[in-house]
Amino acid sequence: MLEAIKLAEEGAGFTSPNPMVGAIITKQEKGKIKIIGKGYHKKFGHPHAEIEAIRNATEDLQGATMYVNLEPCCHTDKTPPCTKEIIKSGIKEIFVGLKDPNPLVAGKGIIELEKANIRVHTGILEKECQKLNEIFIKWITKHQPFILLKTVCTLDGKIALQKDTKTTLVSEASWQKVHKLRQFYEAILVGIDTVLIDDPKLTCRLNKKQIHHPKRIILDSNLRIPLTAALLKEPGQTIICCTSKADIDKKIKLAKLNNVQVLEISQNSAGKIDLNELIKTLAGKNIGSIMIEGGGTINSAFLNTGLIDKINLIYSPKISGISTAPSVFADQIPNQIKFKDIQTVMCDEDLWWEGYLK
């Protein structure tokens, strides 16, 4: 199952709104188990993992065993039902990591396989399988985007060593990990201050053949973004969100640029973009996952709205020592926020802290 999960991750960034799925087929011969087929869901609309594994099999599948991290589908959508092909293949036993939360499946695939006298085992590494597809699970059950807040900071909680200055805090290993993380998300969101200070590209820069560049979402109430900003020249779509206060001429100029869309969102009581309306609007555009890489003001605003699902704090072994340097959270958080399923891991010299909001 671990192998199936690892295989499923190869589809990161390309399967949405479908889940990431990997499948392994094994056969026992002379008391030894060997892998005879592998496959993963490569892209939305392409064959599912189970079908890929069946097609890639090097031997006859009669009496074989399949391991798959998500329940095989039993309905026709972009592709035919996987259950039908599994039954025809001669596979006699299946280990399933997680039941599919999609109401069109939701256990029906397992029932269909069992009726065909295939032995089905469920809940294998279930927690790991849930985490792999946490984005898909939220989208298919609530039609709301999964939102990750990711930020880098010093040991004293500063996101830069001094105010209004571009700062690189992470190690090369963490930089690579951040870009791998971007593969999993449909959009990256930042505030206009991040654009003005850092002039980021907000692309996924990995050394691999197929790269998924997330959409770039910029919160810019007054459209202060320069027409020369680096991210406006990068591949993929940029969505700039403003309010009715924004200059109409600037809006027209931006809308004329390639792959740029300007969205006008209502203001909240503070005269800033209403984040709840923003997320509903983005959900309406089928953006199922957002990775926030903004500054302290954006971080605080999202946390205060209760829209965040998960936080990744990357602690760099540095101390700013400057009280006026920007902090992870710029504004007061009125309510105590608690976390669950906390994990920490070292990445070179950096400490990655992860927690889900309760």
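Note that these values count all heavy atoms, side chains included, but never hydrogens, waters or copies made by symmetry. Just so it is clear, the structure is predicted and the values come from calculations on it, not from any experiment.
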Do Phe329 and Leu303 pass the side chain to side chain contact (heavy atoms under 4.5 Å, CB included) test, and can you show the C-alpha distance, the side-chain angles, and the key distance before you say yes or no? CA-CA 9 Å; Phe329 300 108; Leu303 206 54; 3.6 Å; yes
When rounded to the nearest 0.5 angstrom, what is the spacing between [atom1] in [X] and [atom2] in [Y]?
{"X": "Asp309", "Y": "Leu307", "atom1": "CG", "atom2": "CG", "result": "8.5 Å"}
{"X": "Thr154", "Y": "Tyr315", "atom1": "OG1", "atom2": "OH", "result": "9.5 Å"}
{"X": "Leu278", "Y": "Ile273", "atom1": "CG", "atom2": "CD1", "result": "6.5 Å"}
{"X": "Leu351", "Y": "Met346", "atom1": "CG", "atom2": "CE", "result": "5.5 Å"}
{"X": "Glu134", "Y": "Leu148", "atom1": "CD", "atom2": "CG", "result": "8.5 Å"}
{"X": "Glu293", "Y": "Arg216", "atom1": "CD", "atom2": "CZ", "result": "12.0 Å"}

[X], [Y]: one ILVMFWY side-chain cluster at the under-4.5 Å cut-off?
{"X": "Ile159", "Y": "Val178", "value": "no"}
{"X": "Ile322", "Y": "Ile197", "value": "no"}
{"X": "Ile135", "Y": "Leu189", "value": "no"}
{"X": "Trp139", "Y": "Ile287", "value": "no"}
{"X": "Phe44", "Y": "Tyr40", "value": "no"}

Distance-only donor-acceptor check, side chains [X] and [Y], under 3.5 Å:
{"X": "Lys272", "Y": "Ser221", "value": "no"}
{"X": "Trp352", "Y": "Ser174", "value": "yes"}
{"X": "Gln261", "Y": "Lys215", "value": "no"}

Might you work through the salt bridge (Lys or Arg N to Asp or Glu O under 4.0 Å) test for Glu112 and Lys84, ending with a clear yes or no? CA-CA 9 Å; Glu112 190 174 321; Lys84 301 281 191 258; 2.8 Å; yes
Would you mind checking if Asp341 and Lys310 are paired as a salt bridge, meaning a charged N to carboxylate O distance below 4.0 Å? no
Would you indicate whether the side-chain heavy atoms of [Y] and [X] approach each other to under 4.5 Å?
{"X": "Phe146", "Y": "Phe184", "result": "no"}
{"X": "Ser300", "Y": "Ile333", "result": "yes"}
{"X": "Lys131", "Y": "Tyr356", "result": "yes"}
{"X": "Leu275", "Y": "Asn268", "result": "no"}
{"X": "Val152", "Y": "Trp175", "result": "no"}
{"X": "Tyr185", "Y": "Leu181", "result": "yes"}
{"X": "Arg182", "Y": "Met291", "result": "yes"}
{"X": "Pro214", "Y": "Glu186", "result": "no"}

Minimum heavy-atom separation for [X] and [Y], please, with both atom names.
{"X": "Ser171", "Y": "Glu349", "answer": "CB-CG, 4.1 Å"}
{"X": "Leu219", "Y": "Phe302", "answer": "CD1-CE1, 4.2 Å"}
{"X": "Thr141", "Y": "Pro101", "answer": "CG2-CB, 3.9 Å"}
{"X": "Ala160", "Y": "Ala325", "answer": "O-CB, 3.5 Å"}
{"X": "Ile314", "Y": "Asp350", "answer": "CG2-CB, 4.1 Å"}
{"X": "Asp100", "Y": "Asn102", "answer": "OD1-N, 2.9 Å"}

Between [X] and [Y], is there a donor-acceptor pair closer than 3.5 Å when you use the side chain of the first and the backbone of the second?
{"X": "His213", "Y": "Pro235", "value": "no"}
{"X": "Lys138", "Y": "Pro145", "value": "yes"}
{"X": "Ser316", "Y": "Leu169", "value": "yes"}

Residue pairs, two or more places apart or on separate chains, that pass side chain to side chain donor-acceptor pair (under 3.5 Å) and touch [range]:
{"range": "residues 242-252", "value": "Ser244-Gln267, Lys251-Glu264"}
{"range": "residues 222-234", "value": "Asp193-Arg224"}
{"range": "residues 54-74", "value": "Lys34-Glu59"}
{"range": "residues 273-290", "value": "Ser266-Glu277"}

Would you mind writing out the side-chain donor-acceptor pairs for residues 1-15 within the sub-3.5 Å range, not counting sequence neighbours?
unit_1	atom_1	unit_2	atom_2	d
Glu3	OE2	Lys38	NZ	3.3
Thr15	OG1	Asn18	O	3.1
Thr15	OG1	Pro19	O	3.4

Holding to ring-ring contact (aromatic ring centres under 6.0 Å, His included), I want the full list of residues that pass it with His46, two or more places apart in sequence or in another chain. none
Tracing side-chain links under 4.5 Å among I, L, V, M, F, W and Y, which residues wind up in one group with [X]?
{"X": "Ile51", "result": "none"}
{"X": "Leu223", "result": "Ile188, Val190, Ile192, Val195, Leu196, Leu202, Ile218, Ile225, Leu227, Leu231, Leu232, Ile240, Leu254, Leu257, Val260, Val262"}
{"X": "Ile252", "result": "Ile248"}
{"X": "Leu113", "result": "Val21, Ile25, Ile36, Ile54, Leu61, Met66, Val68, Leu70, Ile86, Ile87, Ile91, Ile94, Val96, Leu98, Ile110, Ile118, Val120, Phe136, Ile137, Ile140"}

Residue pair Lys318, Asp156: steps toward the salt bridge (Lys or Arg N to Asp or Glu O under 4.0 Å) verdict: CA-CA 8 Å; Lys318 300 176 180 71; Asp156 53 341; over 6 Å; no
Residues forming a side chain to side chain donor-acceptor pair (under 3.5 Å) with Lys99, sequence neighbours excluded: none
Classify the angle between the aromatic ring planes of Phe95 and His121 as parallel (below 30°), tilted (30 to 60°) or perpendicular (above 60°). parallel
Take Cys153 and Lys158 through the side chain to side chain contact (heavy atoms under 4.5 Å, CB included) test and state the conclusion after the steps. CA-CA 5 Å; Cys153 63; Lys158 303 296 183 179; 6.0 Å; no
Residues forming a side-chain contact (heavy atoms from CB on, under 4.5 Å) with Lys358, sequence neighbours excluded: Lys338, Lys340
